[in-house]
Structure formats: C-alpha cells, structure tokens
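In the text below, chain A, chain B and the rest are named by the order of the sequence lines, each starting its count at 1. Scope of the values below: all heavy atoms of this structure, side chains included, with no hydrogens, waters or symmetry mates.
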Amino acid sequence: MFDIKWIRENPDAFDAGLKGRNRPPAAAQVLALDAKLRAEQTLLQETQARRNAASKEIGAAKAKGGDGAALIAEVAAFKERLQQGEEATRRFEVEIRDLLAGFPNAPASDVPVGVDESANREVRRSGTPRAFDFKPKEHFDLGESLGLMDFEAAARVSGARFVVLKGALARLERALGAFMLDLHTREFGYTEVSPPVLVRDHAAFGTAQLPKFEDDLFQTKPPRAPEDSDSGGRFWLVPTAEVPLTNLVREQILDQAALPMRMTAQTLCFRAEAGAAGKDTRGMIRQHQFIKVELVSVTAPEQSDAEHERMTACAEEVLKRLDLPYRVVMLSTGDMGFAAKKTYDIEVWLPGQDRFREISSCSNCGDFQARRMNARYRTEGQKGTRFVHTLNGSGLAIGRTLIAVLENYQNRDGSIAVPVALRPYMGGLETIARTD
RNA sequence: GGAGAGGUGGCCGAGUGGCCUAAGGCGGCGGUUUGCUAAACCGUUGUACGGUUGAAAAGCCGUACCGAGGGUUCGAAUCCCUCCCUCUCCGCCA
C-alpha cells in the first residue's frame, strides 16, 4: 500500500515503479481523485463548523430559558448538504483506498527490469550437480517405485494435486521440517511459532493476498454462519505462514529494541492455483496442500536490506547442510510478487528434471505490508512512530526439498541415500529402500 | 448451540444528549532537584484533512476520528438498527 502523501510529492517516482511492473502510469489519476476528495472535505468541514457554532448557540439559548426555534430551523436546513458532503467524502475515500490497494510495490533500484522470468539475474551458485552413471529418475517414479508415494490413493480421497506419503517418506517429510526448524531456531535466532492457518479477511489483506489474489486461495466458513453478514463468517486457508506470522505485528506499536523480530513456523499451506492448470501436473511439485517452513522478519527500515541478505543466507544454509546444489536468482520487476520490492529465489538442482526449480523465495516488502497492517515501531527518545519493514522467505518448502533429496540422492537400484544431516532425525536410517 | 458482558487515546480506565476541547492513572518526552541512579515535583502528550503565519523549524485556527456502517436529533462516545470482533459461564468436541 502506498502513502498518498508520498505519491503527491513523488508522482514521477511512483509512475516509474509502475512502469517497472509493466503497468501504465497512474499518478495523475490518483492525484486527481485526491484533489477531489480534499475539495469535498474542505467544503464539508466549513459546513460542519457552521452547524457546530449554531448548535452551540441553541444550547446556550435554551440554558437561558429561550427556545432557539429560529436557529433550529436555520440549522436544520444544513442537514441535506451535510449528508451529501459526508457521502461524497466517504465515496472518494473508499475509491482512493481501493485504488491504492491495487498497486504492486515499487521495485528496489537494483532489481533488473523485465516483463517476466527471462529478465531474472542469477546471483550465485553453490554445489556441483552430481555426475550420474545412469539416467536419474524423477521423484514421482522413485517414490512410486519405493511404494511410499501414492497419487492414486490421494486422488481417491481428495482428487488431483494431492499426494499420500507413507513409511520412510512420511518420516522424511517430518525429519526435514524438524531439521530446518532446529537450524533456524538454534543457529540463526528465529523464534519458533505455531500460528493459525485459518485467517480473517483483514489478515489476508495485510499481507496483500487480498483483494487481488482471491482466486489463489481456498476459503471456508463454519456451518450456520450468519447468511447476512458481510464476510459470511469466512476464513481463508493460508497459502503460506507468511500471512499469520507477518500479521502478528498488525496494529501494534513495537519498541525499536524488539527489532529485528525473527520468527519461523512450519505450517501446512493451501493453494488453489487456479491459473496453473496443466503445469507440473505430475508429481509433488505443485500441490493444493504442502508443508513449508517459513521465515519472517520485522525490522526497522534501515535494517531491512541487510536482513534480506541474512534471511536468504539462512535459507541457503539448509541446502548447504543437505549438500544440494542450488543457485540464487534475483527476480526481475515483472516476475516479483505483488508486495515485494526485491526478491531472491533459491532454485535447487533436480537431476531427474535436469534443471533448477524454485525451492525458496525471500522477499523484502519494505513498508508495503506494514501500511496495510498498520504495524509501527517507536524509537526511544523520539516523537512519533514509523512503519516497520517486513520480510518473508521460505526456509524451505518441505515438499520440494523432499523431491530434491529423492532426485539427488537416488541410487541405480531406486533406493535413496539419507543425507547425513537428516540421519539423526530418521532414527539413524542411512538408506530408504523398498521393503516388501 | 444456549445465556451473559464488552470494544473509548501508546496502555489501563471513567464517561446514559450540549459544561467532551474525553476525567483520572500508567507509560513516553522536557525540565527542577540531585555525587550517580532512583524517588519526588512541574510541564507536556494521538492521527488525518483543510485554512493561516513563517525562509524554515514550528505555531495558531477549524473539521473529523470513542470497533464498522446506517438512523434519530438543532446537537451523539452517550439513544435506536445492522454487522464485525473479543471475553465469561454452560453444552458439545480433539
């Protein structure tokens, strides 16, 4: 969400940001609306001032024993004008707010400009893809051959884009989550959180899933919810723990001493993925439901760039410990998410697909979400409050990490070596193999 | 699901039609006092918009904001309606 004052003072910078996002300029439209609103406000305020003065006189007259009838008739005539002014003012306010809520965040100055992922810039690589002396399989072949990954069973229960993991693979999923949480909490100072995964409209608005991306979300509501209420008693299933974690500071005024605030959570994530039909239909890459360990930081504005690098490094460390090759990519203006001003994607090497695939996305949202959430902080010794900066990143997506382990650690016979770092979490198991 | 109670400034909390320009307290900030700290005392205290003075910093005036929206009224934190949210007890439930 943009600050209307900032747009007033920097209309060109605002339009430049939109241009980077491949959108037409809009400052003129915003400012015209803003001018109309303020003119309407001024008119309303003047009328209100006259009404207030007259009403005061009526009160004084009555106190002296008079009836103030002449004044009452005079003030009553204001009524219609006041109502019209209030209605017009409110209408413009809503219009501006809705308009502002629909603009994506302005990209940071070092973000490559482009229309899509082809303009993304590779930043660095780590690890060397293993040389196979056989043709490496894709994860779904490996999992199904092991008898531990069952898409048909999942389809019988829930339809397409779900999976059932069993035995050692179910445990591997659990091990990955525990491993990541331990790393982030013990070594990187993140506080483990177990948040709600059903959230209200205002929380989804705060992190900018609403109002533009409603179609990507599952929603639900309790039985017998009041039919006539605005939201219908609705909840949204979170597409990422970013939503509840970031919203933990909504409507709060934090002490600067509490910053940076670092939180991590493992949660289920739910995505309707309406527009993605036909893409990655096989396997676990794109599911309606998956588990992810999320990292969220809340910082002072001056800290957020450094925190962004640090957060990305924390996510990368998971892959390093698992000895999985990856690269880091800075997304172009056209490929970034709505709320982000700068994003690093981490892409893991998948030998079965012979390509890098996204496994984490780390974004600095600046004050974009903080404005929507009204999340501020106060510095001791200074007047007033400032909006915090918020950052989020996957650390990592568990399902895709599991895929990466299967494909990178596969043996010729279809068995899977367990990465050394995960063995303590797997009861010392060294190899996942078919058991029947 | 049943019954009840609530939502007021950074926080707690008073406030049943005009004296609300929201009491009081806490916290914050500034000051006085003081080897230092603490305490005490004095002062101060939000957001948005408009107008105005000023080179600026800032000041002054006005309007709105007491969960949201609508209504009654010359006038609403206060009365009425709808909605949202929270809490308590009971019931059900992992």
Sidechain-backbone polar pair: T264(A) side chain, E294(A) backbone, donor-acceptor under 3.5 Å: yes

For Y344(A), ring pair (Phe, Tyr, Trp, His ring centres under 6.0 Å) partners two or more places apart: H308(A)

Using the 3.5 Å cut-off, write out each protein N or O paired with an N or O of nucleotides 18-23 of chain B and the distance between them.
unit_1	atom_1	unit_2	atom_2	d
rG18(B)	N2	S55(A)	O	2.8

Distance between P atoms of rC79(B) and rA14(B) (Å, rounded): 15 Å

Please tabulate, one pair per line, each protein N/O and nucleotide N/O from nucleotides 65-73 of chain B that are separated by under 3.5 Å, including the distance.
unit_1	atom_1	unit_2	atom_2	d
rG70(B)	OP1	R90(A)	NE	2.8
rG70(B)	OP1	R90(A)	NH1	2.9
rG70(B)	OP1	R90(A)	NH2	2.2
rG70(B)	OP2	R90(A)	NH1	3.4

Nucleotide nearest N52(A) when distance is taken to its side chain, options rA64(B), rC74(B), rC49(B): rA64(B)

Pair up each side-chain donor or acceptor in residues 96-110 of chain A with any protein partner under 3.5 Å, not counting sequence neighbours, and list the distances.
unit_1	atom_1	unit_2	atom_2	d
N105(A)	ND2	A339(A)	O	2.9
N105(A)	ND2	C365(A)	O	3.1
D110(A)	OD2	K342(A)	NZ	2.6

Whole-Å C1' distance, rA48(B) and rC66(B): 16 Å

Over 12 non-hydrogen atoms of neighbours within 6.0 angstrom of CD in E302(A): yes

rC11(B) versus rG28(B) - spacing of their P atoms, nearest Å: 15 Å

Watson-Crick or G-U pairs under 3.5 Å in RNA chain B, rendered as dot-bracket with [ ] for crossing pairs and | for another strand: ((((((((.[[[..)..(.....]]]((((((.......))))))((((((((....)))))))).[[[[[..)....]]]]])))))))....

F213(A): partners by ring pair (Phe, Tyr, Trp, His ring centres under 6.0 Å), with sequence neighbours left out: F338(A)

Euclidean distance for C1', rG67(B) against rC87(B) (whole angstrom): 15 Å

Interatomic distance at P, rU86(B) relative to rA94(B), whole Å: 23 Å

Plane angle bin for F162(A) and H288(A) - parallel if under 30°, tilted between 30 and 60°, otherwise perpendicular: tilted

Neighbour count above 12 (heavy atom, 6.0 Å) for K320(A) NZ: yes

Residue whose closest nucleotide on RNA chain B lies nearer the 5' end, I253(A) versus I4(A): I253(A)

